[in-house]
**Q** 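Please read through the structure below; I'll follow up with questions.
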Amino acid sequence: MRDLGAWFDQNVSMNTHVRKISAPAFSYFYNIRHIRKFLSHDHTETLIHVFITSQLDSCNSLLYGLPDSTLCKLQRIEKACARLIYNCSKFRHKTPFIKDLHWLPVRQKKKNYKILLLAYTAHQRTPFYLSNMITVTKPRSYDLRS
């Protein structure tokens, strides 16, 4: 079943959604790879953002709490895109390229960024009587769970 851009299966395991995102992403990746020699770094990065990473980021808050085996498929796409943008071999380490592109790894993007963004917007855009129930703590030099 497809609802609002996300694919759901019987077990709500989101494997169908990840598969439906991965197949077109690798298709776009294959096509961009063939014209890569004619493109500059900036143009390649723009094409990757338009066709692939926008698909990876759609409905990604639904992927919170999924096992690493499912998320690694999306991470593989992200690493392949970074490799294509920098036109490097598949044996080089991709983490410096991902950091240079200012991309979060898929696990952090799903877990940290989206949840924090939702909490921040909920605090900023809620009615006054609800925003009084939420307290924002100041960052400290030591790490607390509050």
Side-chain angles (χ1 to χ4, degrees), residues 1-126 131 134-146:
M1 180 176 96
R2 182 179 180 170
D3 191 25
L4 298 175
W7 293 86
F8 295 101
D9 56 356
Q10 296 173 3
N11 303 327
V12 194
S13 64
M14 300 304 287
N15 286 330
T16 306
H17 178 71
V18 170
R19 192 172 59 248
K20 295 281 187 177
I21 288 175
S22 301
F26 276 117
S27 174
Y28 287 128
F29 177 80
Y30 178 79
N31 291 333
I32 294 170
R33 190 181 69 191
H34 283 292
I35 61 169
R36 172 65 178 103
K37 60 185 172 185
F38 303 111
L39 299 172
S40 67
H41 175 83
D42 294 333
H43 290 123
T44 306
E45 188 175 348
T46 302
L47 284 175
I48 293 291
H49 282 299
V50 168
F51 290 113
I52 299 174
T53 56
S54 62
Q55 291 294 317
L56 289 178
D57 291 339
S58 68
C59 301
N60 63 359
S61 59
L62 297 173
L63 302 177
Y64 180 76
L66 288 182
D68 289 341
S69 61
T70 305
L71 292 179
C72 75
K73 296 173 186 174
L74 299 175
Q75 184 66 39
R76 192 175 332 143
I77 296 170
E78 189 175 82
K79 286 181 179 182
C81 290
R83 189 180 75 217
L84 181 64
I85 289 172
Y86 284 97
N87 205 14
C88 66
S89 72
K90 66 179 180 179
F91 300 109
R92 286 191 65 185
H93 197 58
K94 284 86 173 170
T95 305
F97 300 124
I98 290 174
K99 286 183 180 180
D100 191 41
L101 290 168
H102 302 288
W103 290 353
L104 287 173
V106 173
R107 288 176 194 86
Q108 287 181 353
K109 193 183 302 182
K110 306 308 181 253
K111 293 180 180 177
N112 299 346
Y113 178 73
K114 277 296 188 179
I115 300 301
L116 291 173
L117 182 66
L118 287 171
Y120 178 77
T121 55
H123 177 66
Q124 296 295 323
R125 297 181 181 169
T126 56
S131 64
I134 300 172
T135 59
V136 179
T137 60
K138 303 286 184 213
R140 296 184 172 99
S141 61
Y142 46 88
D143 190 23
L144 295 177
R145 300 184 113 208
S146 63

**Q** If I compare all heavy atoms of T44 with all of I85, which pair ends up nearest, and what's the gap?
**A** CG2-CA, 4.0 Å
**Q** Taking only distance into account, with no hydrogens and no angle test, what donor-acceptor pairs under 3.5 Å do side-chain atoms of residues 69-83 form with protein atoms, sequence neighbours excluded?
**A**
from, atom 1, to, atom 2, distance (Å)
T70, OG1, N15, OD1, 3.4
Q75, OE1, V106, N, 2.8
Q75, NE2, E78, OE1, 3.4
E78, OE2, K109, NZ, 3.0

**Q** Considering non-hydrogen atoms only, spot the tightest contact between N87 and R36 and give its length.
**A** CB-NH2, 3.9 Å
**Q** Are any of the side-chain heavy atoms of T53 and W103 separated by less than 4.5 Å?
**A** yes
**Q** For H43, give me all partners under ring-ring contact (aromatic ring centres under 6.0 Å, His included), at least two apart in sequence or on another chain.
**A** none
**Q** Where is the tightest heavy-atom contact between I35 and L39, given as atom of each residue plus distance?
**A** O-CG, 3.4 Å
**Q** Which residues pass the side chain to side chain contact (heavy atoms under 4.5 Å, CB included) test with T16, sequence neighbours left out?
**A** W7, D9, R19, K20
**Q** Report the residues that fulfil ring-ring contact (aromatic ring centres under 6.0 Å, His included) with H102, sequence neighbours left out, ordered by chain and then residue number.
**A** none
**Q** Not counting sequence neighbours, which residues clear side-chain hydrogen bond (donor to acceptor under 3.5 Å, both in side chains) with Y86? List them please.
**A** D100
**Q** Answer yes or no: does atom OH of Y28 have more than 12 heavy-atom neighbours from other residues, nucleotides or ligands under 6.0 Å?
**A** no
**Q** Check side chain to side chain contact (heavy atoms under 4.5 Å, CB included) between Y30 and all other residues, then give those that pass, not counting sequence neighbours.
**A** R33, H34
**Q** Can you give me every donor-acceptor pair (side chain of residues 89-98, partner residue at least two apart or in another chain, under 3.5 Å) with its distance?
**A**
from, atom 1, to, atom 2, distance (Å)
H93, NE2, T95, OG1, 3.1
K94, NZ, K90, O, 2.6
K94, NZ, R92, O, 3.1

